[in-house]
Amino acid sequence: MEKTIEKLRKNGFEVTRFATGEEAASYLGANLRGKTVGIGGSKTVRQLGLFEALTDRGNEVHWHWTVDADHKKEERNLAIGCQVYLCSVNALLEDGRIVQIDGTGNRVTGMIYGPPCVILIVGRQKICPDLDSGIARIKRDACPENARRQNHQTPCAKTGQCLDCRTPGRMCNATVILEWPMRIHEEVHVI
């Protein structure tokens, strides 16, 4: 953990470490007061109760998981236009690089060219030694579970294993590796 944090900082990312998710959620709630917040698809954000905490505090929050199917695209577009973009990542490499695989593109867009402030929430379980193990983790753990949760009709949703499918519901349409924060952002913060 310490080695990874040190590498993230050397790569230009701001990093704050918390012992628990509750501490991280409390910190974010206090520091995002009054800001517009966009959220990318994130089970981590849901588990931390951040949408509810932020809306209860009066923040304007845009998250496509909270609207009906007819409004998801509009909500994704509103999210990347907010002051803060909040999402989790699929893998964090020990050398301080961040790996994200996306099916729709809203999360990678928000991370690459979006709000002035990007906050990425990462649990210890997402730290991987290198790029190959990071992508393997994503395709083994993240994509099959996400495909099942979203009712995608993909082989990984059915088998629990990535088969490098070529189906319309494919989750792995874009792979982005952030080596350094994008210049357009004022802040990229890893929690």
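- Glu94 places no side-chain N or O within donor-acceptor distance of the main-chain N or O of Thr4, the cut-off being under 3.5 Å.
- Counting all heavy atoms, side chain and backbone alike, Pro115 lies closest to Val118 at O-CG2, 4.1 Å.
- Checking side-chain atoms of Glu14 against main-chain N and O of Ile191 turns up no donor-acceptor pair under 3.5 Å.
- In this structure, the side chain of Arg76 does not engage the main chain of Gly40 through any donor-acceptor pair within 3.5 Å.
- Side-chain atoms of His64 do not come within 3.5 Å of backbone N or O of Lys73 as any donor-acceptor pair.
- Not one N or O on the side chain of Glu186 forms a donor-acceptor pair closer than 3.5 Å with the backbone of Cys117.
- Using a 4.5 Å heavy-atom cutoff, the side chains of Trp63 and Val45 are in contact.
- Across all their heavy atoms, Thr167 and Cys165 have their closest contact at OG1-SG, 3.3 Å.
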Under the side chain to side chain contact (heavy atoms under 4.5 Å, CB included) criterion, do Leu178 and Phe13 qualify, and how do the steps go? CA-CA 10 Å; Leu178 285 179; Phe13 296 99; 4.2 Å; yes
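- Minimum interatomic distance between Gly12 and Pro181 (heavy atoms only, all atoms of both residues): O-CG, 3.2 Å.
- Judged purely by atom type and a 3.5 angstrom limit, Arg170 has no side-chain atom pairing as donor or acceptor with the backbone of Thr154.
- Shown here for Ser42 and Ser88, the closest heavy-atom pair between the two residues is OG-OG, 3.0 Å.
- Proximity of Thr16 to His189: side-chain heavy atoms (C-beta onward) are separated by under 4.5 Å at one or more points.
- The distance from the CG atom of Leu92 to the CD atom of Gln125 is 10.5 Å, given to the nearest 0.5 Å.
- We find the OG1-CG distance between Thr109 and Asp102 to be 7.5 Å, quoted to the nearest 0.5 Å.
- Asn31 has its side chain out of reach of Ile119: every pair of non-hydrogen atoms, C-beta onward, lies at least 4.5 Å apart.
- Following chains of ILVMFWY side-chain contacts shorter than 4.5 Å, one can reach Phe51 starting from Tyr27, so the two form part of one hydrophobic cluster.
- In this structure, the side chain of His185 engages the main chain of Met111 through a donor-acceptor pair within 3.5 Å.
- Transitive grouping of hydrophobic side chains (ILVMFWY, heavy atoms separated by less than 4.5 Å) brings Ile112 and Ile184 into a common cluster.
- The hydrophobic clustering, which links ILVMFWY residues whose side-chain heavy atoms are closer than 4.5 Å, places Val84 and Val190 apart.
- Between Met1 and Arg17, the shortest heavy-atom contact is CG-CZ, 3.4 Å.
- Annotation: the span from Leu86 atom CG to Leu28 atom CG amounts to 6.0 Å, rounded to 0.5 Å.
- Looking only at distances, no side-chain donor or acceptor of Asn90 sits under 3.5 Å from a matching main-chain atom of Ile138.
- Once rounded to the nearest 0.5 Å, the distance linking NZ of Lys126 with CD1 of Ile121 reads 9.0 Å.
- Around the NZ atom of Lys7, the shell of radius 6.0 Å holds no more than 12 heavy atoms that belong to other residues, nucleotides or ligands.
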| task | For the pair Ser133 and Asp130, evaluate side-chain hydrogen bond (donor to acceptor under 3.5 Å, both in side chains) and give the outcome as yes or no after the intermediate values. | result | CA-CA 6 Å; Ser133 64; Asp130 54 40; 3.0 Å; yes
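- Under a hydrophobic clustering in which Ile, Leu, Val, Met, Phe, Trp and Tyr are joined whenever their side-chain heavy atoms come within less than 4.5 Å, directly or via other members, Val67 and Leu78 fall into different clusters.
- Closest approach of Cys82 to His62, counting heavy atoms only: SG-CD2, 3.7 Å.
- The only option from Leu8, Val188, Val15 that meets the side chain to side chain contact (heavy atoms under 4.5 Å, CB included) definition with Leu120 turns out to be Val188.
- Taking SG from Cys172 and NZ from Lys139, the interatomic distance works out to 4.5 Å, rounded to the nearest 0.5 Å.
- At least one donor-acceptor pair closer than 3.5 Å links the side chain of Asp95 to the backbone N or O of Arg97.
- Following chains of ILVMFWY side-chain contacts shorter than 4.5 Å, one cannot reach Tyr113 starting from Ile39, and the two form parts of different hydrophobic clusters.
- Asn59 places a side-chain N or O within 3.5 Å of a backbone atom of Lys35 that can act as its donor or acceptor partner.
- Here the straight-line distance linking atom OH of Tyr85 with atom CG of Asn106 works out to 4.5 Å at 0.5 Å rounding.
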